[in-house]
Amino acid sequence: MNYKKLIGGVLGLILAIWISTMTPPAPMNLNSMIFLGTFICAVTWMVVELMPDYVIILIACMSWVTLKVLPFTSVFSQFSADTIWLLIGALGMGVGVAQSGLLNRIALIIMSKFPPSFKGMTTALYVAGNIINPLIPSATAKVSIMTPFAKAIGEKLEFENESEGMTGLFAATWMSTGVLYPLFLSASFFNYTLIGLLPKAVGAKFTWMTWLSASWVWGLIVLILAYFAIQFLYKPKGKSDMDPGYVKEQLAKLGPLTRNEKIVSVILSASLLMWMTEQMHHIIAAQVAIFALMLMLAFNIFDRTAFRAKIAWDSIYFIGGILCLAAQFGPLNISTWLGAALGPYLTPLFGNMYLFIVVMCVFLFFLRFVLVSQTASLAIFVVIFVPLAVAAGVNPWIPAFVILVSVNLWNVIYQNTTFLAAYYAGNGMVKHKDTVKMSVAYAAINVVALLASVPLWKLMGLMP
């Protein structure tokens, strides 16, 4: 018996009953307290991983309907919102790109342009990952595709598994595809989740280009400092070179562009162009994503079986549930109460964004040892901080972005499911403990990058 889950499950129920029966402070009512009780119960269950997170959030949603806190149509209304359909379309596009083999070709073409050495190949993997990043919204798919490439390169460089050189190649792949996704809106479903958690009027203003305009300083600094950290932390001892013809040989095996690769190339290019120019034509990103998915299905880029099995439906259900949760904070006056209760303590932090960034990054660094779900960590804290940011006159995208980039850590192996996908795709390539120093380095680099972004955010009018 898993006593951690048993204790956590019972504790969650006790907290739900206790909070639900408390006298509601103004301006909340009894329904607000029941909602908060079930919310705290759900968080407790996520911490102990009593059940999969998407199951827990759906149970929470149904509890609000069953207990007549809110009507069914109100609770589940977010499943018809454009964020969910954007996720479905974008994740489906990711499946099509992966199935077509286009990412493999792009990666090999880029690698063929760099010297066949450790430095050359880490640079190639780093560049390839960052070029591929905005093309596919699933970081898990990207790391699963790119990590075997990195391992094959390491073997040709005659690195042993778990060696410094092999870990460096892994780190270059992981950082470029599994960590730098906040730079581009289309690079991860986490980014779309963040947009969905913002007030509708705010989220609607963050198009592909608006997002990049606000994130590029963070991205550039992480890009540069993380690259040098890899070269410093994992430089192999001795000379490391491989047959310069290996990558070109692999590329030649692919032959000319296939029908599916050509079709996917056109669809991807058109979709990215439409996302980047949304402010000009006003066709929302969700429409573009669904149309792109429709074309991939129409051209049979992937079939019914892949549609059922390859799209992360569990993530869609979880994110939909989280969006439904966030949407109830206003109608139940919880946002107003949070602002009044926490505002006096947290407003000073919003008044000094540099202090806010340092405090939040340190807090989340240690909290992630306990709250293991990255998506839950993002959702819970964005929901809490959005109303406080609005009250302080700060665009809520800023605290949401700080949380987004600060929860992506892998200090312990159970902390990051995307990291686990890369780790297992490497098939013995690295030891987790050897990658931890890169996680700590990223945590420090992230603080520097966020602090450097503050002047840009002020210039953009996102904060006073």
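Please read all numbers here as calculations on a predicted model, not as lab measurements. The analysis underlying the following values was restricted to heavy atoms, covering all of them including side chains, and did not include hydrogens, waters or symmetry mates.
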Enquirer: Please tell me if the side chains of E278 and T210 come closer than 4.5 Å, counting only heavy atoms from C-beta onward.
Expert: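 No; the side chains remain at least 4.5 Å from each other.
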
Enquirer: For K151, look at atom NZ and say whether over 12 heavy atoms of other residues, nucleotides or ligands are found less than 6.0 Å away.
Expert: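 Enclosed.
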
Enquirer: Using only atom types and a distance under 3.5 Å, with no angle test, would you say the side chain of N133 pairs donor to acceptor with the backbone of S176?
Expert: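 Such a contact is found between N133 side chain and S176 backbone.
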
Enquirer: Per the salt bridge (Lys or Arg N to Asp or Glu O under 4.0 Å) rule, what does the pair list look like for residues 160-173, sequence neighbours excluded?
Expert: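 As it turns out, the salt bridge (Lys or Arg N to Asp or Glu O under 4.0 Å) pairs with a partner in residues 160-173, which skip direct neighbours, are E162-K431, E164-K237.
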
Enquirer: Does F419 reach the side chain of H432, with side-chain heavy atoms less than 4.5 Å apart?
Expert: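 When only atoms from C-beta onward are counted, H432 and F419 do touch, with a gap below 4.5 Å.
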
Enquirer: Once rounded to the nearest 0.5 Å, what's the spacing between atom CE of M121 and atom CG of L169?
Expert: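 Here the rounded value is 9.0 Å.
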
Enquirer: Would you indicate whether W85, at its atom CH2, is surrounded by more than 12 heavy atoms from other residues, nucleotides or ligands within a distance under 6.0 Å?
Expert: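 No - once you tally the heavy atoms of other residues, nucleotides and ligands closer than 6.0 Å, there are 12 at most.
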
Enquirer: Answer with yes or no whether the side chains of T167 and D434 bring together a donor and an acceptor at under 3.5 Å.
Expert: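 No donor-acceptor contact under 3.5 Å links the two side chains.
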
Enquirer: Quick one: closest heavy-atom pair of S377 and V407, and the distance?
Expert: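 Heavy atoms only, the tightest pair is CB-CG1, 4.0 Å.
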
Enquirer: Taking the six-membered ring for Trp, are the ring centroids of F307 and W313 within less than 6.0 Å of each other?
Expert: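 For F307 and W313, the ring centres are under 6.0 Å apart.
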
Enquirer: Would you mind listing every side chain to side chain donor-acceptor pair (under 3.5 Å) that reaches into residues 446-464, with sequence neighbours excluded?
Expert: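 The answer is W218-N446, S406-N446.
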
Enquirer: More than 12 heavy atoms of other residues, nucleotides or ligands under 6.0 Å from OH of Y354: is that the case?
Expert: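 It does: Y354 OH has more than 12 such atoms within range.
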
Enquirer: So for atom CZ, which belongs to F114, do other residues, nucleotides or ligands contribute more than 12 heavy atoms lying within a distance under 6.0 Å?
Expert: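 Enclosed: over 12 neighbouring heavy atoms sit under 6.0 Å from CZ of F114.
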
Enquirer: Between F118 and F159, how do the two ring planes meet: parallel, tilted or perpendicular, split at 30° and 60°?
Expert: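 Perpendicular: the ring planes of F118 and F159 meet at over 60°.
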
Enquirer: Can the ring centroids of F184 and W211 be said to lie less than 6.0 angstrom from one another?
Expert: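 Between W211 and F184, which both carry aromatic rings, the centre distance is not below 6.0 Å.
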
Enquirer: Which word best sums up how the rings of Y442 and W410 line up, parallel for under 30°, tilted for 30 to 60°, or perpendicular for over 60°?
Expert: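 Ring orientation, 0 to 90° scale: parallel.
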
Enquirer: Where the side chain of W45 meets the backbone of L50, is there a donor-acceptor pair that is under 3.5 Å apart?
Expert: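 A pair under 3.5 Å: no.
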
Enquirer: Check this for me: K200, atom NZ, are more than 12 non-hydrogen atoms of other residues, nucleotides or ligands nearer than 6.0 Å?
Expert: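 No, not enclosed.
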
Enquirer: Any chance the rings of W397 and F401 have centres within less than 6.0 Å?
Expert: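 They qualify: ring centres under 6.0 Å apart.
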
Enquirer: Does any pair with a residue in residues 95-104 pass salt bridge (Lys or Arg N to Asp or Glu O under 4.0 Å), and if so which ones, sequence neighbours excluded?
Expert: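 Not a single pair qualifies under salt bridge (Lys or Arg N to Asp or Glu O under 4.0 Å).
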
Enquirer: Determine the minimum heavy-atom distance between C361 and V447, stating which atoms define it.
Expert: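 Residues C361 and V447, closest heavy atoms: CB-CG2, 3.7 Å.
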
Enquirer: Please confirm whether F381 and F363 have ring centers closer than 6.0 angstrom.
Expert: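 Ring centres of F363 and F381 closer than 6.0 Å.
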
Enquirer: Could you go through the side-chain contact (heavy atoms from CB on, under 4.5 Å) check for L157 and I153 one step at a time?
Expert: CA-CA 6 Å; L157 287 167; I153 293 295; 4.0 Å; yes

Enquirer: Is the CZ atom of F365 crowded by more than 12 outside heavy atoms at less than 6.0 Å?
Expert: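 Check passes, neighbour count above 12.
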
